[in-house]
Amino acid sequence: MTDDSLSTPTDEVGDALATSTSEASLARTEQRSHEIEAQIAADPSKFRVMTGDRPTGSLHVGHYFGSLMNRVRLQNAGVDTFVLIADYQVITDRDGTGPIAERVRGLVTDYLAVGIDPGKLTIYTHSAVPALNQLMLPFLSLVSDSELYRNPTVKAEHEATGGRPMSGLLLTYPVHQAADILFCKANLVPVGKDQLPHLEQTRVIARRFDERYGRANPDAPVFPQAEALLSSGSLILGLDGAKMSKSRGNTIELRMTADETAKLLKRAVTDSDRHITFDPVDRPEVSNLLTLAGLATGRDPRAIAEEIGDGGGGGLKRYLTEVLNEMLAPIRARRAELAADPGYLADVLAAGNAKANAVADATLREVRDAMGMAY
């Protein structure tokens, strides 16, 4: 028996153990998320949330159901929340910034239109907060290149380059994300399951900073151990049945008109079975449209499927168009009002940037004290 023949079952056992460990870790994270929700209900002041978006295009219904609604919920619950417009991260995997000023204004407009209140939380941009980005320097001393290459996002990008060199900014993307979270000392980050490795890298950096450089206050580390608040939302696919993506053009953007939404939904992928059922495994495209209808109405997708019955894909699309446009109507109306007042949008961002800078400057002073670099 050769070494190769011996390696196969060993690899299988290793993969099984890794899967088991990962599943156990995910179960613990899910349990902890439930506990955190209960703690938020009891005392939201214990938490500071950090979240945000890259300004690479317009926000769409996937963003709305997947994260924007949750931000409004946390804000209204009284949780101190920092919302980052990650403009520097646009150039991690792109050759230019594109119409970035327009997109940043668009994000601010979308945020306010869906109910995000700048009086209750902080909206800011990467490029306007120098002290946040300066944290990259000490943080980079705490990670190895092999750790960065093992990060799932970096690894996937590296494998997909087709021989194109990876930029230093993309390689260090997880470290920049750590700076995003730690500059404001966020202790809670809403994430999906696929984003947990990024958060773990942040936790590692926080621990290593404490071990290597020490503390400004002997009674507490400079940075908290941020925890995950797992998203409970359903996975929403694009209208073509693939992953919803701004670059694929398979999304319904918040800024679109009712007519534009109707035209897109007419082209949405379904299947040849005229009887509508909710079956995510065998009928993912139909079930995806039912999920969207359920999210828009607060109804069970199965009940919607039973109601449409033999109405076929056309009946499902007509129903979804009606309820989605009805749900989006007040958001679109508010968005139009906001877009007509660019001075107000600029004031909102300026105020958020000023607050973020004050927080970042205080954190950087503490970092310098801990490192013995306060001259």
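All figures in this text were calculated on a predicted structure; none of them were measured in a lab.
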Under 3.5 Å: donor-acceptor pair, side chain of [X], backbone of [Y]:
X      : Y      : value
Thr363 : Phe183 : yes
Ser167 : Leu170 : yes
Asn357 : Asn353 : yes
Ser33  : Leu230 : yes
Asn288 : Leu237 : yes
Asp271 : Arg283 : no
Asn70  : Gly66  : no
Ser287 : Phe278 : no
Arg302 : Asp279 : no
Asp87  : Ser127 : yes

Could you state the interatomic distance from [atom1] ([X]) to [atom2] ([Y]), rounded to the nearest 0.5 Å?
X      : Y      : atom1 : atom2 : result
Asp273 : Asp310 : CG    : CG    : 9.0 Å
Glu322 : Glu326 : CD    : CD    : 6.5 Å
Leu265 : Leu324 : CG    : CG    : 6.5 Å
Leu349 : Thr122 : CG    : OG1   : 11.5 Å
Ile91  : His126 : CD1   : NE2   : 10.5 Å
Arg54  : Ile100 : CZ    : CD1   : 10.0 Å

Under a 4.5 Å cut-off applied to non-hydrogen side-chain atoms, are [X] and [Y] in contact?
X      : Y      : result
Arg368 : Gln134 : yes
Val154 : Met166 : yes
Ile40  : Leu188 : yes
Ile205 : Gln201 : yes
Val286 : Leu290 : yes
Val367 : Tyr213 : no
Val269 : Glu285 : yes
Leu182 : Thr202 : yes

Connected via hydrophobic side-chain network under 4.5 Å: [X] and [Y]:
X      : Y      : answer
Leu137 : Val222 : no
Ile36  : Val191 : no
Val189 : Phe47  : no
Val79  : Met69  : no
Val204 : Leu142 : no

Contact summary for [X] and [Y], nearest pair of heavy atoms:
X      : Y      : value
Leu338 : Ala113 : CD1-N, 3.5 Å
Pro44  : Ala77  : CG-O, 3.2 Å
Gly352 : Tyr124 : O-CB, 3.8 Å
Gly96  : Val90  : O-CG1, 4.2 Å
Gln75  : Asp117 : OE1-N, 2.7 Å
Asp180 : Met50  : O-CG, 3.5 Å

Original post:
When you look at Ile236 and Leu295, which way does the side chain to side chain contact (heavy atoms under 4.5 Å, CB included) test go after all the steps?
Top reply: CA-CA 10 Å; Ile236 304 172; Leu295 290 168; 3.6 Å; yes
Subject >> Residue among Asp53, Leu345, Val348 satisfying side-chain contact (heavy atoms from CB on, under 4.5 Å) with Tyr111 >> reply: Asp53
Subject >> Candidate list Leu264, Leu328, Val61, test side-chain contact (heavy atoms from CB on, under 4.5 Å), partner Met256, passing option >> reply: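 Output: one option passes, namely Leu264.
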Less than 4.0 Å between a side-chain N and a carboxylate O, is that true for [Y] and [X]?
X      : Y      : answer
Glu102 : Arg105 : no
Lys185 : Asp80  : no
Arg32  : Glu35  : yes
Glu260 : Arg267 : no
Arg299 : Glu307 : yes
Glu147 : Arg208 : yes
Glu253 : Arg335 : no

For the residue pair [Y] / [X], report whether a side-chain donor-acceptor contact shorter than 3.5 Å exists.
X      : Y      : result
Arg48  : Thr81  : no
His198 : Gln177 : yes
Arg255 : Ser58  : yes
Thr261 : Arg332 : yes

**OP:** Kindly indicate, with the supporting measurements, whether the criterion ring pair (Phe, Tyr, Trp, His ring centres under 6.0 Å) is fulfilled by Phe139 and Phe223.
**Re:** CA-CA 12 Å; Phe139 286 0; Phe223 299 111; 5.4 Å; yes
Original post:
Hey, mind stepping through Ile304 and Ile276 against side chain to side chain contact (heavy atoms under 4.5 Å, CB included) and telling me if it holds?
Top reply: CA-CA 9 Å; Ile304 296 173; Ile276 299 301; over 6 Å; no
Subject >> ring pair (Phe, Tyr, Trp, His ring centres under 6.0 Å) between Tyr88 and Tyr173, worked out >> reply: CA-CA 10 Å; Tyr88 270 155; Tyr173 177 67; over 10 Å; no
Original post:
Yes or no on side chain to side chain contact (heavy atoms under 4.5 Å, CB included) for Lys193 and Leu26, after CA distance, side-chain angles and deciding distance?
Top reply: CA-CA 8 Å; Lys193 297 174 185 178; Leu26 179 59; 3.9 Å; yes
Subject >> Atom NZ of Lys120: over 12 foreign heavy atoms under 6.0 Å >> reply: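 Correct, the count exceeds 12.
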Original post:
Take atom CD in Gln39; do more than 12 heavy atoms of anything else shown fall under 6.0 Å from it?
Top reply: yes
**OP:** Go through the steps to decide whether Thr56 and Arg103 satisfy the test side-chain hydrogen bond (donor to acceptor under 3.5 Å, both in side chains), and finish with yes or no.
**Re:** CA-CA 7 Å; Thr56 54; Arg103 287 172 175 171; over 6 Å; no
